[in-house]
Amino acid sequence: MCGIVGAVGLRTEPSVETARAILETIRHRGPDASGHLFRDGVWLGSRRLKILDLRDEANQPMRDSATGTILVYNGEIYNHVELRSALELAGHRFETTGDTEVVLRGYREWGDDLFPRCNGMWALAIHDPHRDGVLLCRDRFGEKPLFFGRDTTGAWWFGSEPTTLRRAGAGTGRYDRARVLNFLVFGDAEDPDGSFFEGISQLPPGHSALLTSHGPAQLRAWWDLASLAEPRWQRDSWSDEELKETLDDAVRIRLRSDVAVGSSLSGGVDSSTILASIRSLEPSRPLHVFTASFPGRDVDEWERASRVARQFDAEAHRVEPTPEGFLDELPLLVLRQGGPFDSPSVYAQWCVMREAAAAGVVVLLDGQGADETWGGYPKYVWFAVAEAALRGDLLGGGRIVRRWRAAGDLPSPDLQQVLGLALPERGRRIAREALRRSSGWIGPALRESPLVDPQGSKTHGPLLRQASVADGRRVILPRLLRYADRNSMAWSRELRLPYLDERVVDLALSSDWRAGLAAGWTKARLRHFAARTVADEIAWHRRKTAYDVPNGEWLAHPRVQAQARSAFELLGELKILSRPTSTGLSPWRAISLAEFLAQSGLSA
C-alpha cells in the first residue's frame with residue numbers, strides 16, 4: 001500500500017526540495033519509505049506503507065533491469081502468489097516476495113492483459129520506454145483513487161490525492177461548480193470520474209489510459225459492472241457450499257500480509273460473516289476487531305458486535321465518537337478526505353481507523369460492498385414493487401408492500417432514483433433542469449452551473465438491475481469507497497474488502513434480489529448463508545445502521561448548531577447560497593463544504 005504521484009512532460013527534474021514537499025503531502029499514505037525517479041521528462045514518486053516483504057528492496061519506484069520499465073503502485077494484488085507461480089513457469093525470476101514485483105513482471109509478460117488477471121485493488125503508473133507517456137490503470141470498483149490534471153507549464157500530473165496535485169500546481173485553483181451544486185442538491189459527494197477541484201479529474205474505475213505530454217489518451221474500459229451484471233442477473237443457480245468456498249477464498253487471499261491483520265465489526269450480517277470466515281480459515285490467529293459505539297442510542301451496535309467477537313474469539317475494541325470530537329477533528333478530517341462529505345458517519349469510521357492504528361493493526365478486512373451487490377438497502381423494495389407494476393402484477397406489488405409494512409420496516413420510496421431510472425435520458429435531463437430552476441437558494445456563483453446526473457450513464461433492463469449497477473458504479477459505492485480509502489490512509493491503515501472480489505460479486509448479482517425482497521428481506525440469500533455460522537439475531541437483524549451516528553442528537557448540539565450557522569454564512573458570502581441561511585439544505589453538507597473551501601482557498 002502506497003501513495004503515488006508523478007508527472008509527464010516536465011522540462012526539468014523537480015528539485016530535491018520540490019520532490020520532498022510534494023511527497024510529504026501523502027506521507028500518511030506511506031510513512032515507511034519514500035522514493036522518486038526522473039527519466040525523459042517523466043517523474044515518478046512513491047510513499048510506501050510496508051505490508052508485504054518489509055525489506056527496502058521492495059520499495060518503489062521499482063525498475064525492471066531488462067526492459068527499463070518503471071512502476072509506482074498503490075494497492076494490493078491479493079492473488080500475487082498464484083500470479084508469481086505462473087510467471088515463474090514462464091521463466092521469470094524474482095528478487096522480492098511482495099506483489100509489486102509481480103505487477104512489474106506481469107506487465108512484462110502479459111502487457112495490458114495483466115489487469116483482468118489481478119484480484120485486488122490498485123491504482124498504478126507504468127513508464128514503459130517503448131510507449132509514449134505513462135500507462136495508468138485503476139481497479140474494477142475504484143477502491144484506490146487516481147487523479148490527474150495539467151499545470152500551468154503544460155505538464156500533466158497524476159497521483160493518489162487531489163491535494164497533492166494542487167501542491168504540484170495542477171488544476172485551475174477554482175472549485176468545480178457543477179460538483180459543488182450536485183453535492184448540495186443530491187448529497188453527491190463522489191464522482192468517480194471527477195473531483196471538487198476544477199481541472200483535476202479521476203481515471204474511472206475499471207479503466208486504463210496513457211497519460212502523455214498532450215494529456216490522457218487511449219482511455220479503455222477493461223472491466224464494467226453493467227457487463228458483469230447483465231448475463232448473471234436473477235440466475236440463482238448456486239449453492240451455499242459454492243458461496244462458502246468462494247467467500248472463504250476471497251477472505252483467504254486478503255489475509256496475506258507480513259503485518260498484523262484485524263477486522264472492522266459492526267455486528268451486522270456482512271462484517272460478522274467475514275469474521276466467521278476468518279476464524280474458520282485460521283482458528284488460532286490472534287485477531288482484533290473494531291466497532292464504533294454510541295451507548296444508549298438506537299444506532300448502537302456494540303452489544304451485537306461484542307457477542308460476535310466473543311463467538312469467534314476476537315479481541316474487541318470499542319470507540320465512541322462524539323459531536324465534540326467531530327468538530328475538533330473536522331479540519332484534519334476534511335483535509336484527508338480531499339473534499340466535503342454528506343454525513344458525520346464518515347467520522348465514525350475515522351475513529352475506528354484511529355483505534356486500529358493505536359492497537360498496531362495495519363490491515364483490516366471490512367464488509368463494505370455487500371449492500372450494493374447483494375441488495376442490502378431497504379429502498380430496493382420499491383424497485384421490486386415498480387417492476388411488478390410494470391409487469392401488470394399490481395396484486396403482487398401490493399403483497400410486497402403489505403409484507404414490509406407488517407414487518408414495520410417499509411421505507412419511504414426513493415422517488416428520485418426510481419423515476420430517474422425509469423425515465424429516458426432526455427426525461428432525466430429535463431427533470432434535473434426543472435429542479436435546478438426551482439431551487440431558489442442557489443446563489444450567483446452556481447446559478448449557471450448544470451446539475452450532473454447523479455446516477456451516471458443510463459442503463460437498460462429490469463429496474464432492480466439498473467439500481468444495482470447505478471449504486472455500484474455511481475450513486476453509493478464510489479462515495480463509500482472514497483470515505484474508506486481516505487479514512488484508512490489517514491491513519492496509515494489498509495482496508496480490504498472481500499465482498500468486492502469479482503467472484504463474490506458474480507454470485508451476489510445472481511442471488512435473485514427480487515425473490516428476497518418479495519419475501520420481505522434484503523440480502524436474503526446472504527442471510528440464509530450467514531445463519532449457518534452466526535446467531536439468527538445477527539443474520540436476520542432487520543435494522544441497518546452501519547456507521548450511522550445519533551443524527552438528531554448531534555444536530556441539536558450547541559456547538560454543531562453554531563458551526564452550521566457559520567457554515568451557511570460563509571457559503572452566503574461566497575455567493576454559493578442566495579442567502580446565508582439553511583434554506584432546507586443539510587447542515588452536515590454545509591459544514592463540511594464550508595470547511596473544505598476555507599482550507600483549500602479555492603475560488604469560484
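In this text the structure is predicted, and so the values were computed from the model without any measurement. Excluded from the calculations below are hydrogen atoms, water molecules and symmetry mates; all remaining heavy atoms, backbone and side chain alike, are included.
- Side-chain contact annotation: Asp270 with Gln368, donor-acceptor N/O pair under 3.5 Å absent.
- When every heavy atom of Ala590 is checked against every heavy atom of Ala567, the shortest pair comes out as O-CB, 3.4 Å.
- Between the side chains of Ser578 and Arg447, no donor N or O sits under 3.5 Å from an acceptor N or O.
- Counting only heavy atoms from C-beta outward, the side chains of Leu181 and Arg177 never approach each other to under 4.5 Å.
- Within the 3.5 Å criterion, the main-chain N or O of Trp350 finds no donor-acceptor partner in the side chain of Arg336.
- Using modelled atom types, no side-chain atom of Gln337 and backbone atom of Arg486 make a donor-acceptor pair closer than 3.5 Å.
- Contact check on Asp224 versus Arg473 returns a salt bridge, with a Lys/Arg side-chain nitrogen under 4.0 Å from an Asp/Glu carboxylate oxygen.
- With hydrogens and angles disregarded, a donor-acceptor distance shorter than 3.5 Å links the side chain of Glu387 to the backbone of Leu463.
- Contact check for His557 versus Glu553: no side-chain heavy atoms found under the 4.5 Å cut-off.
- Residues Leu335 and Pro331 are not in side-chain contact: their nearest non-hydrogen atoms beyond the backbone lie 4.5 Å or more apart.
- In this structure, Arg559 forms no cation-pi arrangement with Trp554, as its terminal cationic atom is not both closer than 6.0 Å to the ring centre and no more than 45° off the ring axis.
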Residues Lys458, Gln466; criterion side chain to side chain contact (heavy atoms under 4.5 Å, CB included); working and verdict: CA-CA 8 Å; Lys458 174 73 175 173; Gln466 289 189 55; 3.4 Å; yes
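- The two atoms that bring Ala386 and Val418 nearest to each other are CB-CG1, 4.5 Å, heavy atoms only.
- The CG atom of Leu203 sits 6.0 Å away from the CG atom of Leu136 when rounded to the nearest 0.5 Å.
- Ser195 places a side-chain N or O within donor-acceptor distance of the main-chain N or O of Ile200, the cut-off being under 3.5 Å.
- Put simply, the side chain of Leu481 reaches to within 4.5 Å of the side chain of Leu497, judged on heavy atoms.
- In summary, the side chains of Glu301 and His541 do not present any donor paired with an acceptor at a separation below 3.5 Å, with no hydrogens or angles considered.
- Panel note: side chain Glu143, backbone Asp485; no donor-acceptor pair is recorded below 3.5 Å.
- Looking at Lys523, its side chain never comes within 3.5 Å of a backbone N or O of Gly516 through a donor-acceptor pair.
- Atom CZ of Arg297 is surrounded by more than 12 heavy atoms from other residues, nucleotides or ligands within 6.0 Å.
- For the atom pair Ser468 OG and Phe383 CZ, the distance stands at 10.0 Å (nearest 0.5 Å).
- In this structure, CG on Asp298 lies 12.5 Å from CG on Asn551, to the nearest 0.5 angstrom.
- Between Thr164 and Trp157 the shortest side-chain heavy-atom distance does not fall below 4.5 Å.
- When all heavy atoms of Leu423 and Arg428 are compared, the closest pair comes out as O-CD, 3.6 Å.
- Ion pairing of Arg525 with Asp512 is absent here, as no side-chain N (NZ or NE/NH1/NH2) approaches a carboxylate O to less than 4.0 Å.
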Run the side chain to side chain contact (heavy atoms under 4.5 Å, CB included) test on Val381 and Ile400 for me, step by step, so that the C-alpha distance in whole Å, both residues' side-chain angles and the decisive distance to 0.1 Å come before the verdict. CA-CA 8 Å; Val381 65; Ile400 296 174; 3.5 Å; yes
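- With 3.5 Å as the limit, one finds a donor-acceptor pair spanning the side chains of Asp342 and Tyr483.
- Neither side chain, Gln455 nor Gln416, offers a donor N or O lying under 3.5 Å from an acceptor on the other.
- Ion pairing of Lys379 with Asp471 is present here, as a side-chain N (NZ or NE/NH1/NH2) and a carboxylate O approach within less than 4.0 Å.
- For Glu502, the CD atom sits in a packed shell: over 12 heavy atoms of surrounding residues, nucleotides or ligands are nearer than 6.0 Å.
- Considering only heavy atoms from C-beta on, Val180 stays 4.5 Å or farther from Phe183 through its side chain.
- Between Phe341 and Ile591 the shortest side-chain heavy-atom distance does not fall below 4.5 Å.
- If you check the side chains of Ser271 and Ser266, you find a donor sitting under 3.5 Å from an acceptor.
- The backbone N or O of Asn487 lies less than 3.5 Å from no partner atom in the side chain of Arg354, so there is not a single donor-acceptor pair.
- For the side-chain contact (heavy atoms from CB on, under 4.5 Å) test with Ser160, the passing option among Ile4, Val5, Leu146 is Ile4; the others fail.
- Among Asn182, Leu451, Val475, the one residue that satisfies the side-chain contact (heavy atoms from CB on, under 4.5 Å) test with Asp188 is Asn182.
- Counting only distance, with no hydrogens or angles, the side chain of Thr25 and the backbone of Ala21 share no donor-acceptor pair below 3.5 Å.
- In this structure, Glu372 contributes its side chain and Ile476 its backbone to no donor-acceptor pair below 3.5 Å.
- A distance of 13.5 Å separates CZ of Phe147 from CZ of Arg166, quoted to the nearest 0.5 Å.
- Of all non-hydrogen atoms in Pro587 and Phe568, the two that sit nearest each other are CA-CZ, 4.1 Å.
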Evaluate the side chain to side chain contact (heavy atoms under 4.5 Å, CB included) criterion for residues Tyr175 and Ser600: first the C-alpha distance (whole Å), next the side-chain angles of each, then the deciding distance (0.1 Å), finally the verdict. CA-CA 9 Å; Tyr175 60 80; Ser600 65; over 6 Å; no
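- Under the 4.0 Å criterion applied to side-chain N and carboxylate O atoms, Arg429 and Asp453 are not assigned as salt-bridge partners.
- Shown here is Lys575, whose NZ atom has no more than 12 heavy atoms of other residues, nucleotides or ligands within 6.0 Å.
- Contact detail for Ala168 and Ile22: the closest heavy-atom pair is CB-CD1, 3.9 Å.
- For Arg232, the CZ atom sits in a packed shell: over 12 heavy atoms of surrounding residues, nucleotides or ligands are nearer than 6.0 Å.
- Side-chain atoms of Asp139 come within 3.5 Å of backbone N or O of Lys144 as a donor-acceptor pair.
- Between Ala221 and His207, the closest heavy-atom pair is CB-NE2, 3.4 Å.
- Taking 4.5 Å as the limit, every side-chain heavy atom of Pro116 sits out of range of all side-chain heavy atoms of Trp223.
- In this pair, Trp513 and Tyr380 present their aromatic rings tilted. The plane angle is within the 30 to 60° band.
- Between the side chains of Asp414 and Tyr377, not a single donor N or O lies within less than 3.5 Å of an accepting N or O.
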